[in-house]
Every structure is written in structure tokens, then in C-alpha cells.
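Values below: all heavy atoms of this structure, side chains included; hydrogens, waters and symmetry mates excluded. Read the numbers this way: they start at 1 and go in the same order the structure lists the ligands and their atoms. We're numbering straight along the sequence, starting at 1. Because the structure is a prediction, the values reported are computed rather than measured.
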Amino acid sequence: MSTPIDQRHAELLAGVDIFANLDRLALAKLAAHIDWVEIADNEEIAREGGPGDTLYVVSSGTFGVYVSTDAGLAEKQVSSLGPGDPFGEMALLTNAPRSATVRAHGPCEVLRLERARFLALLRENPEVALSVAATLSQRLHAAQSGWEAVDAHPRSGVEKPAPAVHTAPAPLRWHLSTTGIVYLASLGILLLGWFVPPPEGLSPGGWRALMTLSAAVPVLAVGAIPDGVLALLIATVWVVGGVVPVAEAFSGFASTSWVLVVSVYLVGSAVASSGLLFRLVLWTLTHTGGGFTGRVLSLGITGLLLGPAAPNATGRISMMAPALNELAEGLGYAPQSRPAAGLAMAALAGFGQMTAITLTSSTTAVLVFAVLPESIRVETSWLGWMLYGAVFNLTVFAGLMATIVVMYRPRVADTRDSDRAFNALALQRVLLGQLSRHEKWSMLVVVLLLLGFASQPLHGIHPAWISVGALAALGAVGVITENTFRMVNWSFIVLFGVLASMATVFTTSGVGTWITGLAAHAAQGTAGNPLLFLLLTTGVCFAITLVLRWQAAAPLATIALAPVASAAGINPVVVGIVAVVACSTFFMPYQSTIYLALYHGTGGNLFTHSQARPVAIAFGLATLLAVIVSVPYWRALGLIY
Ligand code: CMP
């Protein structure tokens, strides 16, 4: 049950002009970052000329706005502010000192929003920016018509923007930046394909296909060109360079995997924006007990269960991160205390790192599946993938949960008073209101979607078509709109199509057979020892992710290692599952967009990078352990023969 104060705060937030265009989900997420502060009579909350890094909105009471006159010897009131009025926006936007003093007339209450959050809000919601601009214009207008006294004494503290300085153009000089070197290296590799004869056993076409891909790797590594553009470039070089016909270079776009990833991605985005996932997270946070251990487990498990319905791991994390600060505070954990970091790590484990639990738990898993040999794909259902990966995934998950519970549990010094924050969680629930029509439809469709996936062995319908059905249903009831399409990361979807084409291109151009030949040779080193081979695979994945992003690293590792695995008597699907997980490491923050989404989504102050490191290491070790534990299981299933 919510307390009356939540009701009042909820009504106030919903009535604030500058937030008028935010929907209830955006408002509920925003509420996570708001502090409610009581102000005593006559207290100054902003001082003219002083520093300012906070936005306020009057919650109750009245404030006077004063500016100094007569060179600071006197002051006069220029305006008064009542409930719903924002103030403090000027210093935030201009980086200048406060333009006026704001003083309470009687006891008041304000809500506070930190600078970083306010700026993020403006960036994400242009309507809020427009409303702030309108408020500013009104104030400017009011000031112009009644503030002559101040005009006579221009403020000294306010900086004028520096005039643009025109300097003479620098002499033209060759300046080689890192990206320049990378482009040159790539071009060099590409030219090798056309001017150096192929190695023995490989056709010229195959050699060129391979060199085109190799040329792309350095560019992918530094992220110099958007992934989608680079992908189109690769396919274009294949076609123009005469390696394969256009229908083959783009065959990935005409595959069930591509349809699956696009439709599941859209369903996930729509369900997230209906507010259903956020509500579920809030519900879990407020309804599970068991102290630190209980919360860690419930966060982890909720994330794991939401995975298959919301396959974008980064999206899942961004969606739930705003509630984490409140949860930590609610439990009385100070930011950057051990248990606060522990909760964040539990969220990372469940929502971010469990990406191969099912085939649709991440778009990268779908992509890896797409690059597996056709024969393997045909015999692996959605449920099959889940069963094959069960022991492996659950070992990783258990390893992470155990590490977090043991290493991050609170000590007495870490806890403090917590009522305020639990009120904030309650406020967020009030703002979300009753289950909306969109949420109800989303819930129904997600349940049916998962049932459809799981029962594939009975009806034989590919998950891609089931997802399109779900998409159609959500479209018919208005949950999916044109706007949903704007939320999709098309750069990734294009990369997906080209990487998925790669399997076909490599087969027709003979690269596949050539690698298999080499692989069989190489695999002799680990012959008869699948465990050694899979541990090496894991190590290779760790290494690749130092230079390549997860979404590209996992499929490339699979493409390269699947033939080797086959030669060593291991079903390539095993390599795929291991690659999805092992390529999502975050030893260094820059390696993982999932990790960064969590770090920034919690405002960058809930935990530090060094606090996350033990979990990053545990994730690596747990993955290795999971391989060791799973080998007998895979043998029993006949996946290692
Ligand atoms: P800032 O300059 O950050 O701090 C003082 C705040 O007072 C300022 O932002 C505005 O929000 C508010 N303020 C300044 N001048 C006026 C005015 N003329 N009318 C209303 N509010 C004002």
C-alpha cells in the first residue's frame, strides 16, 4: 500500500508543467532520481552568484526570487514561485553562477534533481527541453518588462560566450591518427586478397572473402565506422569484387534468424515501453524479503526469467537500472558501499550476463545460432538450446550469485536509515498506476510467445514465425507503433544480416572446407580431449573481446571454431553457447556495453569500476568452471562424441 505522501508526490510530479509530456513510465523512472527536501522559513535555497548544480521544483509553499540592486547593497523581489514551478534551471544550462537568490516564504518543500539527471532528461525527452525553454522565455519576458534596475547594473558573474576566434588556417600537413593507421592496415589486408595468391587448397574467391572479413576486424575493433555501415561495405566488396552474387552476399537478410531477431527485438522494446518490465522489477524489489541474500537472488532470477521475452541485454539493464539506486537506499546501503555494489552486480548477473539461457535471451545468441551450420540449426529447437546450455548457464549463474552473496554482503557499518528510499519505490509504483491495457496485452502475448517457443517440438513452427505472430498481435492492439521501430538498433540489425550471410558465403566460396581441413589438423593437438578444446575456446573468446565487441566477437569466434569443434567431435552448438557467454566479459569497463549501461544507468555513483572487478573475474572463472562441469553432461546428451 502506498502512503498518502506518495499520492501527493505522485500528483505533484504529474502536474509539473515541464514534466507534462512525460508518460507514466518515464515519470516513474525519473522519480527514482528525485529527492524531496523540506525547507525552513526564510531559508535560502539558491544564492545569487553562488554555484548551482541542482534543479528544483516547488512541491509546497511559496518562494521569493530576489536579485541584488545598487551593486549588491540592496535586493528586490522579482518574482515568486509556487507549487509546480521549476527553478535553478538557468545555472544548470549555462554553467554560470545562480542568477538570483531564492528564499522560502514560510515552511516549504522542494524536489531536487541533480544536474546529470536533468541534462539526461532533456536529451532523452525533447518535449521537456521545449517546456524548459518556454519557462525561460516567460521569465526573460517578465524580467525585461520589470527589471530595469538590474539592467543598469549588469551582473558581473555571468560569463558571456567567448566570441568565435578566427585563426589562420593551419598549413596542410599529413597527420596520421590512430584511425588513419587502422584504415591503412585494413586496406592493406584487403589488397592482399586481390594481389597475393591464395594459400594452398583455397580458391581465389574464398581467399578474397576471408581477406575482406579480416580487413574489417581492425575497423570493428576501434569502432571507427558504425557497425551497420561496415557490414554493408563488407557485403558490397564481396559482390563488386566478384566473390559471390548479390543474393548470396545478402542471404542472411532472407533467413529465419534475421526475421527472428528483428521481431523479437521489437516485441521486447514494445513490452519494455508498456511499463510491464519496470513494474515487474519494482514488484520484485518491494515484495521480496530475505535481506541482502534474498534481494541478490530475486534480482538475479527475475533478470534470468525476463531474458527470453526481452532479448536486448543492454536494454534490459537500462530499463531496470533506475530502480537500483532506490533499492540500495531502501535497504540502507550507502552508494559505493559493498552491499550497494553487490546489488548492482546481482542485477548485472541476472539481467545482463545470462545471455545464453535460451536462444532468445540475447540477440547475440540468435546471431550465433544463425552462423551455425545449417544441419545443426535444423536439429536444434528453442527448447533444445535451453537444455543443451542448462548446466553450463546455471553453473555460471550460481558462481556469480555465490560470489556476490559472499563478497558483497553488508557489514554493520554499511547500513543506515532507509525509510525515505522505500517511500520512493512506493512513489514509483503509484506513478505507474493500475496495470494498463497495453501492459495486460503485453503480458498475455509474452506468455503465449514463450509457450510457443517451448512447444516447438510439438508443432514444428520456427520461433521466427511465432515472433512475427506476437508482433502482429501487439500491433493489432496498438502496443507496437511506428515509434517502436525507432527504438531498434538498426546498425546492429544490419550487421546481423551480413554476419548471418557469412556462413553461406564461406560455404560457397570454399572457405568452410578449407578451414575444416586446417581445423582437423589443428584439432589433433587436442584430439580426444574435448575439455581442453573447450577451455581453449573460452580463453580465445576472452582474448577476442579485448578488441572486439561481444555482438561481433561471439559470432566470429563461432564461425572460426565451429569447424574445429566438428573435427574434434564436438557439436558446434556447444561452441556457440560457450562463445555467447565467454565473449560477454567485462574485465575492462570498455569491453561491455551491458556493463556500461548499468554503470551509467545508475548514475555512475552506485558502485565503482574497481568494486565490479571481483565479479568480472568471478564471471571468467565461473565460465571456465561451467565448461568443466558441463563436459560430462554434453557427453551424456551426445553432443560430444
Ligand atoms: P538559477 O540562475 O540557476 O538560480 C536562480 C533561479 O531563480 C534561476 O535559475 C531561475 O530558475 C530563477 N529565476 C531567476 N530569475 C527569475 C525571474 N525573473 N522570474 C522567475 N524566476 C527567476
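At least one heavy atom of Gly88 sits closer than 4.0 Å to an atom of ligand 1.
Aromatic ring orientation, Trp490 versus Phe485: parallel (interplanar angle below 30°, classes split at 30° and 60°).
Rounding to the nearest 0.5 Å gives a distance of 10.0 Å between CD of Glu114 and CG of Leu92. The CG atom of Leu122 sits 10.5 Å away from atom CD of Glu89, with the distance rounded to the nearest 0.5 Å.
For ligand 1, the atoms closer than 4.0 angstrom to any heavy atom of Phe87 are 11 (O). Close approach of ligand 1 to Ser79 (heavy-atom distance below 4.0 Å) involves ligand atoms 19 (N), 20 (C). Atoms of ligand 1 found under 4.0 Å from any heavy atom of Ala100, numbered from 1 in the order shown, are 5 (C), 14 (C). Within ligand 1, the atoms closer than 4.0 Å to a non-hydrogen atom of Ala91 are 1 (P), 2 (O), 3 (O), numbered from 1 in the order shown. When each atom of ligand 1 is checked for a heavy atom of Val102 under 4.0 Å away, the hits are 7 (O).
For Phe587 and Phe619, the ring centers sit 6.0 Å or farther from each other. For an aromatic pair to be called close, the ring centres must be under 6.0 Å apart, and Tyr595 with His609 satisfies this.
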